[in-house]
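We use all heavy atoms of the structure for the numbers below, so side chains are in, but hydrogens, waters and symmetry mates are not. So you know, we letter chains A, B, ... as the sequences are listed, proteins then strands, and number each from 1.
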Amino acid sequence: DAGVIQSPRHEVTEMGQEVTLRCKPISGHNSLFWYRQTMMRGLELLIYFNNNVPIDDSGMPEDRFSAKMPNASFSTLKIQPSEPRDSAVYFCASSLGVRKAFFGQGTRLTVV
Amino acid sequence: DQQVKQNSPSLSVQEGRISILNCDYTNSMFDYFLWYKKYPAEGPTFLISISSIKDKNEDGRFTVFLNKSAKHLSLHIVPSQPGDSAVYFCAASDRGSQGNLIFGKGTKLSVKP
């Protein structure tokens, strides 16, 4: 199995631009999580989906952030407009019925 | 308010000695705990877990201890190896959360040869 696949690995964008991060979960997994890692706050859960349905988005910092999961094999996290304080590493993770998540390699986002 | 706390940002240990990483939690509803290891430029990888019905779980050189009354868990690595140098995250979940994990901020372990 290829594991959780995230793209791009690195993204540098200018403030105000739209950013879209992509995730392909492990085939057969039914839960998907988006996390953000910063020095100040560590690993924060932004949103998670169960069977493609958003269950808890209370971690999404602002309305500028949105996430979708149109099918079981794909999810996006969009930031529009982006700001320098959004700079972080964003991780996608997936799991199947057990409380152990498998993480992708992350997307390092830099907003200048 | 942080529900999972790792109060030591870093730990340095000599190769061959024991590494002890600590984690405290505040939510009494947590019933499942995990440790993840993270190397630079990689995602966290699962290391070991423990259910609240147990107080110890062992896997090779790694042992996790759970003290429910103190709301404290620890990860012991014996013997420590240079390849264990990484950031270790403690995580917890409760049965009603459908599996989402609450993470601590991590402890960076350095094992010196």
Side-chain angles (χ1 to χ4, degrees), chain A residues 1-10 21 23-26 29-60 67 88-109, chain B residues 1-10 21 23-25 27 29-54 57 59 62 64 66 73 86-108:
Chain A
D1 197 322
V4 176
I5 300 173
Q6 292 186 244
S7 64
R9 290 293 310 277
H10 302 275
L21 312 182
C23 175
K24 177 177 167 54
I26 293 173
H29 281 192
N30 62 350
S31 293
L32 183 140
F33 310 85
W34 282 101
Y35 285 88
R36 178 172 68 175
Q37 184 187 15
T38 60
M39 289 293 291
M40 288 293 293
R41 301 175 70 89
L43 265 171
E44 301 174 272
L45 177 68
L46 300 178
I47 184 172
Y48 78 95
F49 297 83
N50 188 253
N51 294 322
N52 310 341
V53 176
I55 302 299
D56 184 354
D57 66 354
S58 59
M60 297 285 261
V89 182
Y90 291 81
F91 289 102
C92 175
S94 69
S95 69
L96 172 62
V98 292
R99 290 183 277 174
K100 181 172 81 176
F102 295 83
F103 283 77
Q105 291 191 299
T107 296
R108 180 175 293 277
L109 173 65
Chain B
D1 184 32
Q2 261 195 299
Q3 298 187 67
V4 178
K5 299 178 184 179
Q6 294 178 256
N7 292 320
S8 298
S10 62
L21 296 101
C23 178
D24 298 295
Y25 61 96
N27 189 340
M29 298 299 291
F30 287 149
D31 66 343
Y32 192 69
F33 304 89
L34 308 89
W35 285 93
Y36 279 78
K37 181 167 75 172
K38 184 183 180 306
Y39 292 118
E42 294 184 11
T45 55
F46 170 77
L47 187 58
I48 192 170
S49 63
I50 188 168
S51 164
S52 61
I53 62 173
K54 294 184 175 182
N57 188 27
D59 183 2
F62 302 91
V64 56
L66 176 62
L73 66 155
V87 177
Y88 289 78
F89 290 96
C90 171
S93 74
D94 67 79
R95 195 171 293 106
S97 67
Q98 298 195 35
N100 64 308
L101 303 174
I102 307 299
F103 282 86
K105 289 189 176 182
T107 296
K108 183 176 182 180

| Using the ring of each side chain (for Trp, its six-membered ring), is B/F30 parallel, tilted or perpendicular to B/F33, with breaks at 30° and 60°? | perpendicular
| request: Using non-hydrogen atoms and a 4.5 Å limit, figure out which bit of A/Q37 sits close to chain B: side chain, backbone, both or neither. | output: side chain
| field | Heavy-atom contact with chain B under 4.5 Å, split by part of A/L43 | value | both
| query | With respect to chain B, which residue among A/R41, A/R9, A/M39, A/Q6 yields the maximal number of heavy-atom pairs within a distance under 4.5 Å? | reply | A/R41
| field | Contacts of A/R108 that satisfy salt bridge (charged side-chain N to carboxylate O under 4.0 Å, His left out) - sequence neighbours left out | value | none
| message | Tell me if a side-chain donor or acceptor on A/T107 pairs with a main-chain N or O of A/P8 at a distance below 3.5 Å. | response | yes
| query | If we ignore angles and hydrogens, is there a donor and acceptor under 3.5 Å between the side chains of B/S49 and B/Y32? | reply | yes
